[in-house]
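Notes follow the structure.
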Amino acid sequence: MLLVDSVSKSFGGFLAVNQVSFEVKQGEILGLIGPNGSGKSTLFNLISGTYKPTGGTVRFEQRDITNLPPDRICHLGIARTFQIPRPFKKLSLLENVVLSAYFGDDALRSEAEARRRAEQALETVGLPTDAGVSVQSLGAAGLKKLELARALSTQPRLLLADESLGGLDHQEMEQAADMLHRIRSDLGITIVWVEHIMGVLMKVVDRVLVLDYGEKIAEGLPQAVATDPKVIEVYLGDQIALA
Amino acid sequence: MKRWLPYGCIALLAVVPFAPVPLYYLHLAILILIMGLICTGWSLMGKFGLVSLGHGGFMGIAVYPMALLWNHYGLTPWLGAPIGVGLAVLLGVLIGYPAFRFRVVGHYFALITLALGEVVRLSIIAARELTGGSLGMTPLRVQPITDVSWYAVQFTDKRYFYVIALVAWLGGLWAWRLVNRSMARSALEAISEDEVAAASVGIHVTSQKLRITLLSAAMTGLGAIMLGQYNQYLNPNSLSGISISLEIVFASIVGGMYTMLGPTIGALITIVFRESLRAYFGATLTGMAETIYGLLLILFIIFMPRGLWGFVVARFAHPTGDTSRLEVAATR
Ligand SMILES: Nc1ncnc2c1ncn2[C@@H]1O[C@H](COP(=O)(O)OP(=O)(O)O)[C@@H](O)[C@H]1O
Ligand SMILES: [Mg+2]
């Protein structure tokens with residue numbers, strides 16, 4: 001479905017992503033892990049068109065999307081969330097999602113249909129659908145959910161979820177992980193899930209890809225990756241909790 | 001009752017000129033309606049964070065071609081006006097497309113537009129053979145001379161202009177409403193906050209910004225055309241350049257660019273203010289108005305950022321001062 005081929009990104013000489021290649025298969029949840037600053041978010045920005053790669057190509061459903069702008073990539077069916085939530089604070093919660101539903105599908109001309117899709121997305125993530133709710137009333141978990149709802153409302157086939165668990169307590173983490181699982185099984189959306197902490201992620205994903213200093217150091221089934229010496233070294237062994 | 005209030009006000013405004021109103025007040029009313037249209041156009045950009053300091057550029061490029069086409073080819077302003085508005089829109093594309101495409105935002109955008117207004121003014125002055133330079137120019141009187149010429153849009157009776165200005169101003173408010181009720185408003189609010197996030201949900205940032213800029217340029221061009229045609233006199237210093245550009249900004253901020261009537265209230269305040277200054281100080285204190293404008297502008301930005309009308313609307317709609325709703329009320 002998505003084919004990332006030796007993609008690189010350098011910021012003024014600093015290589016944040018170094019010739020990373022991988023494939024995302026239709027219907028899977030791919031976990032993308034790695035320590036802070038290993039290039040996970042940058043990789044998302046490269047796929048979603050927010051940054052232009054300095055090398056390599058990205059193909060989505062056979063189409064070269066390497067140099068397409070972010071709005072086009074969204075229309076093609078890739079949605080992304082931001083690690084640090086970026087809500088539109090001047091708009092209400094519902095307006096945030098209606099806007100995304102309306103503009104996220106370039107064939108859509110009906111505001112009523114956009115609203116329907118927005119309400120559906122809000123229900124999926126468990127946020128209120130009434131018009132009066134403001135974004136300011138949301139806490140950290142709520143803002144993460146809004147990121148997801150906005151992405152889902154664009155009717156994607158591939159969802160790039162960036163650290164949906166960051167800043168959440170343990171119970172919220174479990175809920176969020178459960179939600180991603182449901183998004184895949186109920187809505188049939190393929191997911192790439194970035195996380196800095198491995199714990200909860202490992203139980204949900206089908207495959208894992210590990211980044212360190214912008215390079216891919218491991219890829220495979222969660223069990224295999226968690227016991228990979230290179231991965232253990234990166235994580236100093238202590239954060240790999242599969243239980 | 002509340003539903004009929006706007007229609008009542010419009011009806012009242014429509015009959016004003018047929019009441020025994022002193023000519024001077026009719027004159028002021030015409031100027032206020034036209035400046036109101038221009039400031040409404042400016043605020044359509046300004047309220048989304050697209051602060052232009054060069055709307056005078058759209059004025060000059062619209063009004064001069066119309067007057068020149070009339071003087072040299074006898075082309076009726078009914079055709080000259082759309083050409084002028086078209087040129088203002090074209091200038092909007094010329095400045096807007098590269099600026100938005102290359103993400104020139106905030107202060108940098110303001111600076112670019114500042115240059116725009118001046119470039120148009122200096123061009124008009126440079127073409128003095130044609131435009132009369134700083135001395136200005138006068139559209140030729142229609143021949144044979146009559147009191148009412150629809151062909152030349154020249155009327156000795158101010159009431160004709162009043163009605164034309166009123167219709168155009170109402171058209172401006174209608175455009176404001178259309179924008180406000182469209183998805184474009186949400187998109188522009190989102191863009192003004194976070195362009196990256198807006199693009200990530202499929203919004204074409206450049207085209208959204210460009211469209212509102214072109215609408216704004218068209219409204220401003222139309223206003224300028226009416227000013228020139230009403231005064232039957234064109235001057236580059238009052239129909240282009242920094243001075244008028246800043247007056248538009250000042251009026252819009254003072255009245256309140258987030259409310260539909262705010263920009264017009266601002267135009268009213270500035271025009272009445274300018275006229276009273278002239279009445280009291282005469283021509284002895286030139287530059288006085290600008291100085292006071294500057295001072296007031298600072299005070300307004302600090303103490304009443306939503307403008308006078310924005311403040312009144314917010315207070316009136318929500319006297320308790322629930323600020324979150326207040327924001328919303330003032331925007332609608
Ligand atoms: N826009 C940018 N400009 C310069 N450096 C950046 C930029 N974005 C990310 N980086 C750098 O690239 C590296 C990878 O960052 P990031 O992709 O955010 O890591 P992760 O998401 O894995 O924590 C970091 O060292 C970061 O400082
Ligand atoms: Mg990150």
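To find a chain, count down the sequence lines: A is the first, B the second, and so on, and within it residues start at 1. Hydrogens, waters and symmetry mates play no part in the numbers below; they use all other heavy atoms, side chains included. Everything numeric in this text was worked out from a predicted model, so none of it was measured.
- Heavy atoms of other residues, nucleotides or ligands lying less than 6.0 angstrom from CZ of B:Arg101 number 12 at most.
- Atom OG in A:Ser100 sits 7.0 Å away from atom CD1 in B:Ile203 (nearest 0.5 Å).
- When each of A:Leu91, A:Asn96, A:Thr50 is scored by its heavy-atom pairs under 4.5 Å with chain B, the top score falls to A:Leu91.
- In this structure, B:Trp169 places its CH2 atom where more than 12 heavy-atom neighbours from other residues, nucleotides or ligands lie under 6.0 Å away.
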Salt bridge (Lys or Arg N to Asp or Glu O under 4.0 Å) between B:Arg181 and A:Glu111, worked out: CA-CA 11 Å; B:Arg181 296 180 165 199; A:Glu111 285 177 39; over 6 Å; no
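- A:Phe103 places none of its side-chain heavy atoms less than 4.5 Å from the side chain of B:Val201.
- Side-chain contact between A:Phe88 and B:Glu189 is absent, with no heavy-atom pair separated by less than 4.5 Å.
- Of the possible donor and acceptor atoms, none in the side chain of B:His204 sits under 3.5 Å from a partner among the backbone N and O of A:Asp71.
- Contact between A:Cys74 and B:Gly202 at its shortest, heavy atoms only, is SG-N, 3.6 Å.
- A distance of 12.5 Å separates CD1 of A:Ile78 from OG of B:Ser200, quoted to the nearest 0.5 Å.
- Within 6.0 Å of CZ on A:Phe11 lie more than 12 heavy atoms contributed by other residues, nucleotides or ligands.
- Listed for the B:Glu193 side chain is a donor-acceptor partner under 3.5 Å among the backbone atoms of A:Lys89.
- Residue A:Lys90 holds its NZ atom at 10.5 Å from NZ of B:Lys47, rounded to the nearest 0.5 Å.
- Looking at B:Gln208, the atoms closer than 4.5 Å to chain A (heavy atoms on both sides) all sit in the side chain, from C-beta outward.
- Contacts of A:Pro156 with chain B are absent, with no heavy-atom separation under 4.5 Å from either backbone or side chain.
- Taking CE of B:Met183 as the reference point, atom CG of A:Leu108 lies at 9.0 Å (rounded to 0.5 Å).
- Counting non-hydrogen atoms of other residues, nucleotides and ligands closer than 6.0 Å to CG of B:Leu90 gives a total above 12.
- Within 6.0 Å of atom CD in A:Gln136, more than 12 heavy atoms from other residues, nucleotides or ligands are found, so the atom counts as buried in its surroundings.
- Taking CG of B:Leu188 as the reference point, atom CG of A:Leu99 lies at 10.0 Å (rounded to 0.5 Å).
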